[in-house]
Amino acid sequence: MRVLPVLMAQTPPMPPGDAVARLHDHVLDQVGEFPGTRLVVYPEFHTCGTAGSRSERHRQYEEMAEPLDGPRVRALRDIAREAGVWLIPGTVVERGPRGELFNTALAIAPDGTLAARYRKIFPWRPVEPFTPGAEFVTFDIPEVGRLGLAVCYDLWFPEVIRQLAWLGAECVVLPTQTSTTDREQELVLARAAAIQNQVFVLSVNASGPVGTGRTIAVDPEGLVRCQTSGSSPETLTDVLDLDSVNRVRAHGTCGLNRMWSQARPGDPVVPLPLYDGRIEPSRWEPLP
């Protein structure tokens, strides 16, 4: 049985000055409270909070940006190592090799290794000043399964989670900082993405006063496993059975729909003009 005990922290973003120190205390406190936890997830921009007008926020992003071998990420790696958990500390503002700004989600292993980094492919334009990423990212938790990373607005683009599922992700984690009235639609999208791709979806939103909360965990049939009721700071815990992904794909959603088994040898190639590509039936099934 491949189970993953997760803790999702619906918390407000913190100013970068003392954010890592406060995160350290919060992670250790939460893991002490829930000692079986293997994966801890925080919202988007959790250690990179900003305030003020759009231009002021952009200036703050420029000031706080660091490469991934900088002091912020080194400290986050130390936290995961000390707590002995897989840590997704939200996203950080990454300074790229040519001076770019990326909104980057991290996955850190219990030994402090930076297991994965994902640069948000769909920044929320025109509000966010970040350079888009161009790579879909998954990582493996040994003896448990494969997870995919996405960030907030990526959820509005079905190509992202479809591609992650095809790459073998059984659970997609989305650090999120939605502060607007469309969180209701995002809850629908989280369930739709889980249903369409038969994966777990965890959308971990920031709490007030910045975020609108309503963090949600959805199973591979689109059923809500747990959800916060509002925007107040709150902790959700759950235990994901990643074997259920195989069960749903083998027997179908509600015992009916097996989308990943749709293609058959000899089926025609389907052009995808939007992408200048095509669906190849021989490539349809997810990677092992």
Side-chain angles (χ1 to χ4, degrees), residues 1-13 23 26-27 29-44 46 83 85-91 105 107 141 144-152 154-156 161 164-165 169-179 181-208 210-249 253-254:
M1 194 171 183
R2 299 181 298 124
V3 297
L4 179 61
V6 299
L7 185 151
M8 295 159 277
Q10 179 174 290
T11 53
L23 177 65
H26 193 264
V27 170
D29 178 70
Q30 293 296 294
V31 173
E33 188 78 17
F34 304 99
T37 300
R38 290 200 64 187
L39 172 67
V40 180
V41 184
Y42 284 86
E44 185 180 20
H46 184 63
V85 295
W86 286 85
L87 177 64
I88 297 177
T91 66
I141 297 181
V144 175
R146 182 167 297 171
L147 279 65
L149 291 174
V151 177
C152 197
D154 288 330
L155 183 60
W156 290 77
I161 296 181
L164 291 171
E170 299 163 292
C171 174
V172 177
V173 183
L174 294 108
T176 298
Q177 185 179 286
T178 296
S179 58
T181 57
D182 55 352
R183 184 59 180 165
E184 184 68 37
Q185 283 75 15
E186 289 183 342
L187 300 179
V188 175
L189 290 172
R191 296 188 66 186
I195 293 167
Q196 290 172 333
N197 299 290
Q198 296 175 323
V199 293
F200 286 96
V201 173
L202 310 181
S203 176
V204 183
N205 195 20
S207 73
V210 175
T212 53
R214 301 179 75 185
T215 290
I216 190 170
V218 186
D219 82 357
E221 294 186 271
L223 302 176
V224 177
R225 291 190 56 84
C226 55
Q227 179 182 339
T228 61
S229 58
S231 62
S232 299
E234 192 171 343
T235 296
L236 283 182
T237 60
D238 199 0
V239 179
L240 310 182
D241 176 9
L242 295 189
D243 281 331
S244 66
V245 174
N246 294 335
R247 173 184 58 79
V248 171
R249 290 180 179 178
T253 301
C254 300

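In this chain, residues are counted from 1 in sequence order. None of these values were measured; they are calculated from a predicted model. Because only heavy atoms are used, hydrogens play no part in the values below, and waters and symmetry mates are left out as well, while side chains stay in.
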Please report the closest heavy-atom contact between [X] and [Y], naming both atoms and the distance.
{"X": "Leu236", "Y": "Cys226", "value": "CD1-SG, 4.0 Å"}
{"X": "Gly211", "Y": "Ser231", "value": "O-CB, 3.9 Å"}
{"X": "Asp241", "Y": "Phe200", "value": "O-CE1, 3.5 Å"}
{"X": "Ala169", "Y": "Gly148", "value": "CB-N, 3.7 Å"}
{"X": "Pro175", "Y": "Gly90", "value": "CB-CA, 4.0 Å"}
{"X": "Ala193", "Y": "Val199", "value": "O-CG2, 4.3 Å"}

Any side-chain heavy atom of [X] within less than 4.5 Å of one from [Y]?
{"X": "Leu189", "Y": "Val201", "value": "no"}
{"X": "Tyr42", "Y": "Leu87", "value": "yes"}
{"X": "Cys171", "Y": "Leu240", "value": "yes"}
{"X": "Pro5", "Y": "Val239", "value": "yes"}
{"X": "Leu39", "Y": "Val144", "value": "no"}
{"X": "Glu186", "Y": "Ile216", "value": "no"}
{"X": "Trp86", "Y": "Leu4", "value": "no"}
{"X": "Asp219", "Y": "Val248", "value": "no"}

Nearest-0.5 Å distance that lies between atom [atom1] in [X] and atom [atom2] in [Y]:
{"X": "His46", "Y": "Leu23", "atom1": "NE2", "atom2": "CG", "result": "5.0 Å"}
{"X": "Leu147", "Y": "Ile88", "atom1": "CG", "atom2": "CD1", "result": "6.5 Å"}
{"X": "Leu202", "Y": "Thr176", "atom1": "CG", "atom2": "OG1", "result": "10.0 Å"}
{"X": "Met1", "Y": "Asp243", "atom1": "CE", "atom2": "CG", "result": "7.0 Å"}

Polar side-chain atom of [X] near backbone of [Y] as donor-acceptor pair, under 3.5 Å:
{"X": "Thr215", "Y": "Asn205", "result": "yes"}
{"X": "Arg2", "Y": "Leu242", "result": "yes"}
{"X": "Asp238", "Y": "Val6", "result": "no"}
{"X": "Thr228", "Y": "Arg214", "result": "yes"}
{"X": "Arg249", "Y": "Asn197", "result": "yes"}
{"X": "Gln10", "Y": "Ser232", "result": "yes"}
{"X": "Glu170", "Y": "Arg146", "result": "yes"}
{"X": "Gln177", "Y": "Pro43", "result": "no"}

Option among Arg191, Gln227, Arg183 that satisfies the side-chain hydrogen bond (donor to acceptor under 3.5 Å, both in side chains) test with Ser203: Arg183

Between Thr37 and Gln30, do the side chains contain an N or O donor and an N or O acceptor separated by less than 3.5 Å? no

Do Gln198 and Thr253 have a side chain donor and acceptor closer than 3.5 Å? yes

